[in-house]
Amino acid sequence: MAKQNKAYKFRLYPTAEQALIIRKTFGCVRFVYNKMLAERKRTYELWKEDKDALKKVKPPTPAKYKKEYEWLKEVDSLALANAQLNLDKAYKAFFKGNAKFPKFKSKRHKQSYTTNVVNGNIQLLDGHIKLPKIKMVKIKQHREIPSRYNIKSCTLSMTASGKYYIAILTEYEKQIDNKEIESVVGLDFAMDGLFVDSEGEKANYPKFYRQMLEKLATEQRKLSRKKKGSSNWNKQRIQVAKIQEKVANQRKNFLHHQSKKLATKYDAVVMEDLDMKGMSQALRFGKSVADNGWGMFTSFLQYKLKEQGKQLIKIDKWFPSTKTCSNCGSVKEVKLSERTYQCTCGLSINRDYNSALNIKKEGIRLLASV
């Protein structure tokens, strides 16, 4: 039996007093994070030429600031401790060369904080959840969490439109046996519809962002005419945020359905390991790539397959899936404007479908070589 993690996200409905404490905690977490980062940055600038000496410098902790800023004692201490852990993680990633130097957090960043379960301080009780410093908060729990799942931590967040959410991270034991691979499908990324698979099926992504673009532009123009910081400006800002949140929720819902459908039907899914950020910049397809949510779709698909002992196989991004004939294997140059792949062997096929067939074949080859 192996330990597994699963998160559940629910809407919170705090009272005005509870919402004030939550927002205060957001601010305190951000304040402590920035204080610790500023101190670490000064230390780094002072000792960056001597890495051994730098490693010996004791990092700051939230407790250090509580003496000077007593109001930090009013919020959840575990939330402040997690801010330190997050900074430590970012700092280590920088030294390993996996990330840039940590940046300071601002109010424009996602407003959130994480707290942990200690001695029953977090409990789900009949439409409410008990949380440190906030006590009983109303929750819209649309899904049951199995009783054998243990709550490990909770992350509270607030959207730009002022809605509150809680992500509950659980831990449980489950024996996951690797499934024998019988059915395999290849997916070729499609700019206008998410993907085309090796069965010739299209995801037909509805382009939610494009659908809302005109309405969003209208509301943003209204916002630009308001005096920044005024009551009317804030009301209009919320209107813009609601549209953006609706698009994000529609996209996430669609991607969940598509990934679940594939994870249920196939034992292995093969796709190219694409650099979406680089693609959006190089080809100037930023809006189309962002609207698709390919990265989110990939992560959803990965964990859904893993839960069932199935596999997600990523092939090299330089694999010539578009240039290769899925019938005879010959390779030729294909222009971006060409939507039909035509080969001297007589094959005439949709370009994306041809790529999906090649991706599937390469995935099967990789599986056989393991």
Enquirer: Spell out, as yes or no, whether a donor-acceptor pair under 3.5 Å connects the side chain of Lys360 to the backbone of Val270.
Expert: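 The answer is no, because no donor-acceptor pair under 3.5 Å joins these two groups.
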Enquirer: Tell me, which pairs form a ring-ring contact (aromatic ring centres under 6.0 Å, His included) where one or both residues lie in residues 298-337, sequence neighbours left out?
Expert: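 Passing the test, one end in residues 298-337: His256-Phe300.
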Enquirer: Only one of Arg237, Gln236, Gln244 forms a side chain to side chain donor-acceptor pair (under 3.5 Å) with Glu219, so which one is it?
Expert: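 Exactly one candidate clears the test, Gln236.
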Enquirer: Any side-chain to backbone donor/acceptor pair from Asn253 onto Asn249? Under 3.5 Å, distance only.
Expert: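 Pair absent, no side-chain N/O of Asn253 close to backbone of Asn249.
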Enquirer: With a 4.5 Å heavy-atom cut-off, do Thr324 and Lys361 have their side chains touching?
Expert: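 No, too far: nothing below the 4.5 Å cut-off.
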Enquirer: Verify the distance criterion only: is there a donor paired with an acceptor across the side chains of Thr115 and Asp76 at less than 3.5 Å?
Expert: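 Side-chain D/A pair, Thr115 to Asp76: present.
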Enquirer: Taking the side chain as every heavy atom from C-beta outward, state whether Asn358 and Tyr341 have any pair of such atoms under 4.5 Å apart.
Expert: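 Counting from C-beta outward, Asn358 and Tyr341 never come under 4.5 Å.
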Enquirer: Following the transitive rule for hydrophobic clusters with a side-chain heavy-atom cut-off under 4.5 Å over Ile, Leu, Val, Met, Phe, Trp and Tyr, establish whether Phe26 and Phe104 coincide in one cluster.
Expert: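 Phe26 clusters together with Phe104.
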Enquirer: With a 4.5 Å limit on heavy-atom distance, are the side chains of Glu272 and Phe189 in contact?
Expert: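 They are not in contact (no side-chain heavy atoms under 4.5 Å apart), so the answer is no.
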Enquirer: Once you round to the nearest 0.5 Å, how far does OG1 of Thr25 lie from CG of Leu72?
Expert: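 Taking OG1 in Thr25 and CG in Leu72, the distance rounds to 10.5 Å.
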Enquirer: Show me, pair by pair, the donor-acceptor contacts under 3.5 angstrom made by side chains of residues 27-39, not counting sequence neighbours?
Expert:
unit_1, atom_1, unit_2, atom_2, d
Arg30, NH1, Gln111, OE1, 3.1
Asn34, OD1, Lys105, N, 2.8
Asn34, ND2, Arg30, O, 3.4
Asn34, ND2, Lys105, O, 2.9
Lys35, NZ, Tyr69, OH, 3.0
Glu39, OE1, Lys64, NZ, 2.9
Glu39, OE1, Tyr65, OH, 2.9
Glu39, OE2, Lys64, NZ, 2.5

Enquirer: Suppose we screen for side-chain contact (heavy atoms from CB on, under 4.5 Å). Which residues come up paired with Thr15, at least two apart in sequence or across chains?
Expert: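 So Thr15 forms a side-chain contact (heavy atoms from CB on, under 4.5 Å) with Glu17, Gln18.
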Enquirer: Using only atom types and a distance under 3.5 Å, with no angle test, would you say the side chain of Lys310 pairs donor to acceptor with the backbone of Lys304?
Expert: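 Such a contact is absent between Lys310 side chain and Lys304 backbone.
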Enquirer: If the condition is side-chain contact (heavy atoms from CB on, under 4.5 Å), which residues does Lys314 pass it with, not counting sequence neighbours?
Expert: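 For Lys314 the side-chain contact (heavy atoms from CB on, under 4.5 Å) partners, ignoring immediate neighbours, are Met271, Asp273, Thr298, Leu312.
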Enquirer: Are Phe254 and Met296 linked, directly or through intermediate hydrophobic residues, by side-chain heavy-atom contacts shorter than 4.5 Å (ILVMFWY only)?
Expert: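 As far as the 4.5 Å side-chain criterion goes, Phe254 and Met296 are connected within one cluster.
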Enquirer: Parallel under 30°, tilted from 30 to 60°, perpendicular over 60°: which one fits the rings of Phe195 and Phe297?
Expert: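 Ring orientation, 0 to 90° scale: parallel.
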Enquirer: Between Phe101 and Phe94, how do the two ring planes meet: parallel, tilted or perpendicular, split at 30° and 60°?
Expert: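 Ring orientation, 0 to 90° scale: perpendicular.
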Enquirer: Would you sort out whether Lys163 and Glu245 count as a salt bridge (charged side-chain N to carboxylate O under 4.0 Å, His left out), showing the intermediate values?
Expert: CA-CA 10 Å; Lys163 296 186 183 79; Glu245 286 169 22; 3.5 Å; yes
Enquirer: Tell me which pairs pass side chain to side chain donor-acceptor pair (under 3.5 Å) where either residue lies in residues 122-150, with sequence neighbours left out.
Expert: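 Side chain to side chain donor-acceptor pair (under 3.5 Å) check on residues 122-150 returns no pairs.
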Enquirer: Could you note down all residue pairs passing side chain to side chain donor-acceptor pair (under 3.5 Å) where residues 83-92 supplies at least one of them, sequence neighbours left out?
Expert: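 The answer is Arg40-Asp88.
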Enquirer: Under a 4.5 Å cut-off applied to non-hydrogen side-chain atoms, are Lys246 and Phe208 in contact?
Expert: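 Lys246 vs Phe208: side chains apart.
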Enquirer: Distance alone, cut at 3.5 Å: any donor-acceptor contact between the side chains of Asn354 and Arg351?
Expert: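 Checked: Asn354/Arg351 side chains show no N/O donor-acceptor pair below 3.5 Å.
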Enquirer: Would you kindly say whether Ser321 and Glu362 are connected by a side-chain donor-acceptor distance under 3.5 Å?
Expert: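 No, Glu362 and Ser321 have no side-chain donor paired with an acceptor closer than 3.5 Å.
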